[in-house]
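Structure below; questions to follow.
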There are 2 protein chains.
Amino acid sequence: MESRCENCIVRQFNSLRAMSKEELKKVSDSKTTKTVKKGEPLFEEGDKLNGVYCVRNGVSKLSKLSANGKDQIVKLASKGEVLGQRSVISQESTNLSAIAVDDMEVCFIPKESINNTLQKNPNFTLEVLRHMAHDLKEADDVIVNISQKTVKQRMAEAFLYLKNNFGEDADGFLALTLSREDISNVVGTATESAIRIISEFKKKGLIHTSGKKIGIKDERKLLEMVEGF
Amino acid sequence: MESRCENCIVRQFNSLRAMSKEELKKVSDSKTTKTVKKGEPLFEEGDKLNGVYCVRNGVSKLSKLSANGKDQIVKLASKGEVLGQRSVISQESTNLSAIAVDDMEVCFIPKESINNTLQKNPNFTLEVLRHMAHDLKEADDVIVNISQKTVKQRMAEAFLYLKNNFGEDADGFLALTLSREDISNVVGTATESAIRIISEFKKKGLIHTSGKKIGIKDERKLLEMVEGF
DNA sequence: ACAATTTACTGATAATTATCATATTTTTAA
DNA sequence: TTAAAAATATGATAATTATCAGTAAATTGT
């Protein structure tokens with residue numbers, strides 16, 4: 001199942017598309033592909049990364065575990081996203097863990113290929129910069145949301161986010177199925193609180209569920225809820 | 001009071017130090033210096049920025065106001081920091097307002113100078129990228145803190161942050177004096193809650209105050225509190 | 001210097017959210 | 001397949017935090 005970066009579709013979604021043919025060839029020659037099973041880590045908080053991970057398939061959560069067992073998810077990364085970039089760029093150990101939420105297929109790209117290109121190809125560097133600017137904006141938005149919105153509003157927002165970013169399956173359920181615990185860790189609340197709100201939303205006809213799958217029933221009302229009506 | 005970027009000390013703290021002599025000259029020729037009074041905005045949420053602001057003096061808060069009047073401060077920027085970069089890089093309007101917390105002196109650098117250098121000087125781009133990587137890490141830490149720590153812990157952390165980043169004056173008070181409201185907006189809590197906790201910390205001998213000035217009395221205990229003891 | 005306005009503070013109370021306990025359902029693995 | 005483990009669900013309660021109301025102190029502008 002090995003393949004060349006030059007032909008890889010996910011490259012279209014990330015900064016690797018700004019690489020020259022030769023640079024891409026080098027990356028392709030040095031990369032290794034690996035599969036990560038659901039629940040397994042790509043890397044963990046504090047690790048020194050020797051490269052970055054390019055997601056080909058599946059979804060990873062970037063999160064940090066606190067002393068009292070709370071795990072805050074900062075970002076969900078899927079196809080095309082590059083993980084570990086920040087750590088490689090600042091030459092520090094990671095502040096977040098990356099754990100597979102799905103079975104994943106990722107490529108590991110040694111940092112040398114990245115660093116070299118960063119120093120020589122301004123287009124690539126600028127492209128990476130643009131992605132990072134986007135991530136920073138999103139992170140700022142999360143900060144503002146957590147502190148200004150109620151748990152209920154953030155739950156509503158999370159469902160809309162999941163629909164917009166990962167889509168729905170044939171039966172109208174969110175394509176990315178997260179455990180209740182993961183949902184609560186995205187939203188930043190206790191698992192029981194998240195479950196309660198799911199029940200409430202179900203009663204109100206905003207969502208429907210089947211096992212752990214969740215489907216959005218009334219997007220408008222969810223949106224209104226996010227806005228505070 | 002006009003001066004040349006080439007001789008500016010604050011440049012040492014930001015990405016402009018990676019510019020070539022000629023690039024810097026261009027920036028210097030196109031920049032304008034302006035003063036911003038305490039409480040006045042450099043720019044506001046939704047503005048399209050035609051350049052970036054380089055802080056020479058004073059402190060600015062980057063924040064977002066919610067519908068119900070809550071203002072979450074995402075970052076405090078002082079000497080040497082460049083504001084508006086993200087917006088210029090992603091060519092979007094800003095998602096945050098920048099308001100002077102102090103009287104400020106800033107340089108406005110038109111985006112053309114920045115964009116040109118970004119496309120031509122990989123060292124500069126990489127330097128900007130490193131700064132942004134740092135900001136992103138800080139933002140992630142804020143997210144985790146808000147959701148995993150209590151208001152009391154975040155208050156303690158805020159005081160330590162203010163000491164470490166802005167220092168103390170001759171009398172041992174935090175050099176950056178924020179209103180109670182601003183403190184509560186950094187921490188992400190109600191103003192009354194912040195005030196209550198300040199009173200409590202005072203009683204416990206962790207801090208002392210004089211008017212709106214706050215001094216740290218027992219750094220160790222504050223640290224322990226942040227860690228959850 | 002003084003009235004007006006803003007900011008700081010305190011108490012009482014309400015609302016939100018977390019925690020603990022426990023039951024039920026689902027998933028996992030022998 | 002079936003016992004064990006894990007995840008989901010719900011109720012009762014506690015803890016945290018916000019809101020409202022009102023007073024005191026500090027700042028501001030004239």
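Order of the sequence lines sets the chain letters (A, B, ...), proteins ahead of strands, with each chain counted from 1.
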Between D:dA15 (P) and B:Lys152 (NZ): distance, integer Å: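 My rounded result for the distance is 12 Å.
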Rounded interatomic separation in angstrom, taking CD from A:Glu200 and C1' from C:dT17: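 Result: 13 Å.
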Value in whole Å for how far the P atom of D:dT16 lies from CD of B:Gln148: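 Atom CD in B:Gln148 sits about 17 Å away from atom P in D:dT16.
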Proximal nucleotide (of D:dT8, C:dT17, D:dT10) relative to the A:Ser199 side chain: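 The listed nucleotide nearest to A:Ser199's side chain is D:dT10.
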Chi angles and distances behind the side chain to side chain donor-acceptor pair (under 3.5 Å) call for B:Glu157, B:Asn145: CA-CA 9 Å; B:Glu157 194 162 46; B:Asn145 272 338; 3.0 Å; yes
Atom pair NZ/CE of A:Lys204 and A:Met225 - distance to nearest 0.5 Å: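 These two atoms lie 4.5 Å from each other.
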Value in whole Å for how far the C1' atom of D:dA7 lies from CD1 of A:Ile195: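 The answer, rounded to whole Å, is 8 Å.
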Atom-to-atom span, CD1 of B:Ile197 to C1' of C:dA8 - whole angstrom: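 Between C1' of C:dA8 and CD1 of B:Ile197: 15 Å.
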Candidate nucleotides D:dA18, D:dA9, D:dA12, ranked by approach to the side chain of B:Ala190 - the nearest: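 Shortest atom-to-atom distance from the side chain points to D:dA18.
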side-chain N/O B:Ser193 vs D:dA18 OP1/OP2, d < 4.0 Å: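 It does, given that an N or O in the side chain of B:Ser193 lies less than 4.0 Å from OP1 or OP2 of D:dA18.
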Touch class at under 4.0 angstrom, heavy-atom based, for A:Thr191 against every strand present: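 The residue A:Thr191 makes no contact with any strand.
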Value in whole Å for how far the P atom of C:dT7 lies from CZ of B:Arg180: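 For the pair B:Arg180 CZ and C:dT7 P, the rounded distance is 13 Å.
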Side-chain donor/acceptor of A:Ser87 to backbone N/O of A:Glu92, under 3.5 Å: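 Here the side-chain-to-backbone pair exists.
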Between C:dA18 (P) and A:Glu181 (CD): distance, integer Å: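 Between P of C:dA18 and CD of A:Glu181: 14 Å.
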Heavy-atom closest pair, residues A:Met132 and B:Ala133: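 Closest approach of A:Met132 to B:Ala133, heavy atoms only: SD-CA, 3.6 Å.
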Sugar-phosphate, base or nothing in reach of B:Glu192, heavy atoms under 4.0 Å: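 Touches a base.
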Most 5' of A:Val151 and B:Arg196 on DNA chain C, judged by nearest nucleotide: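 Comparing both residues, the 5'-ward one is B:Arg196.
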Whichever of A:Lys212 and A:Lys149 has its nearest DNA chain C nucleotide further upstream toward 5':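 Going by which nucleotide is closer to the 5' end, it is A:Lys149.
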Rounded interatomic separation in angstrom, taking CD1 from A:Ile198 and C1' from D:dT8: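 Computing the A:Ile198:CD1 to D:dT8:C1' distance gives 9 Å.
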Ring geometry between B:His208 and B:Phe173 (parallel below 30°, tilted from 30 to 60°, perpendicular above 60°):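 Judged by the thresholds at 30° and 60°, the geometry between B:Phe173 and B:His208 is tilted.
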